[in-house]
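In what follows, a single structure is set out as structure tokens and then discussed.
All of these numbers come straight from a predicted model, not from anything done at the bench.
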Amino acid sequence: RLEGATKQFGVSLLISEAAHALLSHAVQRLCRRIDRVTLKGSDLPMDLFTYDVGTASFDSHSSVAAAALSPLQYFTSVAPPWTSQAFRDKYELAVAHYLGDTVEIDWRRAAALLRQCLAEVEDAPSRRLLQFISDNASARGEAPRSWPGHRVLVEK
């Protein structure tokens, strides 16, 4: 089910909350949380993450001397994220306002931050989350009163 959701978010890689928790803190910082969902057949919400790397940027034959690098340095030298840490931090703040888990729910603020992200780069998760907010917000741009802090993915 997770693999099928990659198309819905426009990413090549989705990482479950459980898999993300197994990563080192340094690698977690390279990932970004893109939403909290329940998958078809489950009632348990989970965070979804992605690592922003395009298949074209992967270079398994890098000329970098692997012996001189830490595993994290080697990984990021052959598959660097195409987003900056500043971009990922801004996106995370947008997601936090959308979900209301670490800050107060504020879909207007989330939408404004997502528009800032899109002004920097074309990003499918930003576009899709902004579309979800637009489709489901009240006339004043607020989250519905019944917002549970996650959405249900019904497509396979």
Side-chain angles (χ1 to χ4, degrees), residues 1-40 42 44-60 62 69-137 141 143 147-156:
R1 301 223 187 268
L2 200 56
E3 183 180 349
T6 58
K7 291 178 188 175
Q8 294 176 57
F9 289 100
V11 297
S12 56
L13 176 67
L14 275 178
I15 304 166
S16 70
E17 184 174 355
H20 184 263
L22 297 174
L23 302 172
S24 71
H25 178 71
V27 174
Q28 287 177 350
R29 292 265 306 146
L30 294 172
C31 299
R32 67 177 161 135
R33 178 172 63 156
I34 58 172
D35 209 342
R36 179 175 301 131
V37 302
T38 56
L39 299 175
K40 187 174 177 130
S42 174
L44 185 63
M46 74 168 158
D47 287 338
L48 295 179
F49 297 83
T50 192
Y51 178 75
D52 295 315
V53 63
T55 54
S57 68
F58 184 75
D59 179 10
S60 62
S62 175
L69 299 175
S70 73
L72 178 63
Q73 289 170 323
Y74 179 73
F75 175 74
T76 57
S77 74
V78 297
W82 62 266
T83 55
S84 68
Q85 189 62 54
F87 176 90
R88 292 189 299 275
D89 290 344
K90 185 180 298 181
Y91 186 89
E92 175 56 32
L93 184 56
V95 170
H97 280 293
Y98 155 71
L99 296 174
D101 59 356
T102 59
V103 296
E104 188 175 331
I105 293 174
D106 186 346
W107 277 19
R108 287 181 292 208
R109 180 74 178 129
L113 288 164
L114 290 167
R115 284 190 290 275
Q116 289 175 23
C117 287
L118 287 167
E120 293 177 28
V121 296
E122 178 52 40
D123 178 56
S126 295
R127 186 156 309 286
R128 288 185 171 81
L129 191 51
L130 186 59
Q131 186 64 53
F132 178 82
I133 290 171
S134 176
D135 290 347
N136 293 279
W147 173 241
H150 66 275
R151 64 177 163 151
V152 178
L153 292 185
V154 292
E155 297 177 36
K156 286 186 178 181

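Using a 4.5 Å heavy-atom threshold, the side chains of Leu114 and Val95 count as separate. Residues Val37 and Phe9 meet the side-chain proximity criterion, which asks for heavy atoms closer than 4.5 Å. Tyr51 has its side chain out of reach of Thr83: every pair of non-hydrogen atoms, C-beta onward, lies at least 4.5 Å apart. Contact check for Tyr98 versus Asp106: no side-chain heavy atoms found under the 4.5 Å cut-off.
Here the CG-CG distance, from Asp52 to Leu30, works out to 10.0 Å after rounding to the nearest 0.5 Å. Interatomic distance, CZ of Arg151 versus OG1 of Thr38, reported as 10.5 Å (0.5 Å rounding). Taken from CD1 in Ile34 to CD1 in Ile15, the straight-line distance is 9.0 Å, to the nearest 0.5 Å. Residue Asp135 holds its CG atom at 9.5 Å from CG of Leu130, rounded to the nearest 0.5 Å. Here CG of Asp47 is found 12.5 Å from SG of Cys31. Values are rounded to the nearest 0.5 Å. Here the NE2 atom belonging to His150 is positioned 9.0 Å from the CG atom belonging to Leu44, to the nearest 0.5 angstrom.
Minimum interatomic distance between Gln28 and Leu23 (heavy atoms only, all atoms of both residues): NE2-O, 3.3 Å. Residues Met46 and Glu17 approach most closely at CA-OE1, 3.3 Å, considering heavy atoms. The two residues Ala110 and Ile133 have their closest heavy-atom pair at CB-CD1, 4.0 Å.
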(request) Any chance you could lay out the side-chain contact (heavy atoms from CB on, under 4.5 Å) test for Arg32 and Thr50, step after step, and finish with the verdict? (result) CA-CA 6 Å; Arg32 67 177 161 135; Thr50 192; 3.9 Å; yes

(request) Could you give me the CA-CA distance, side-chain angles and deciding distance for Asp35 and Phe132, then say whether side-chain contact (heavy atoms from CB on, under 4.5 Å) is met? (result) CA-CA 11 Å; Asp35 209 342; Phe132 178 82; 6.0 Å; no

(request) Quick one: do Arg128 and Asp123 satisfy salt bridge (Lys or Arg N to Asp or Glu O under 4.0 Å)? Show the steps, please. (result) CA-CA 9 Å; Arg128 288 185 171 81; Asp123 178 56; over 6 Å; no

(request) Check the pair Asp101, Arg36 against salt bridge (Lys or Arg N to Asp or Glu O under 4.0 Å), reporting the backbone distance first and the verdict last. (result) CA-CA 10 Å; Asp101 59 356; Arg36 179 175 301 131; 2.8 Å; yes

(request) Please lay out, stage by stage, how Glu92 and Arg33 fare under the test salt bridge (Lys or Arg N to Asp or Glu O under 4.0 Å). (result) CA-CA 7 Å; Glu92 175 56 32; Arg33 178 172 63 156; 2.6 Å; yes

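For Glu122, the CD atom counts as densely surrounded, since its 6.0 Å shell holds more than 12 non-hydrogen atoms of other residues, nucleotides or ligands.
A parallel orientation is assigned to the rings of His20 and Phe49, their planes being inclined by less than 30° (bins at 30° and 60°). Between Phe87 and Trp82, the two ring planes are tilted [angle within 30° to 60°].
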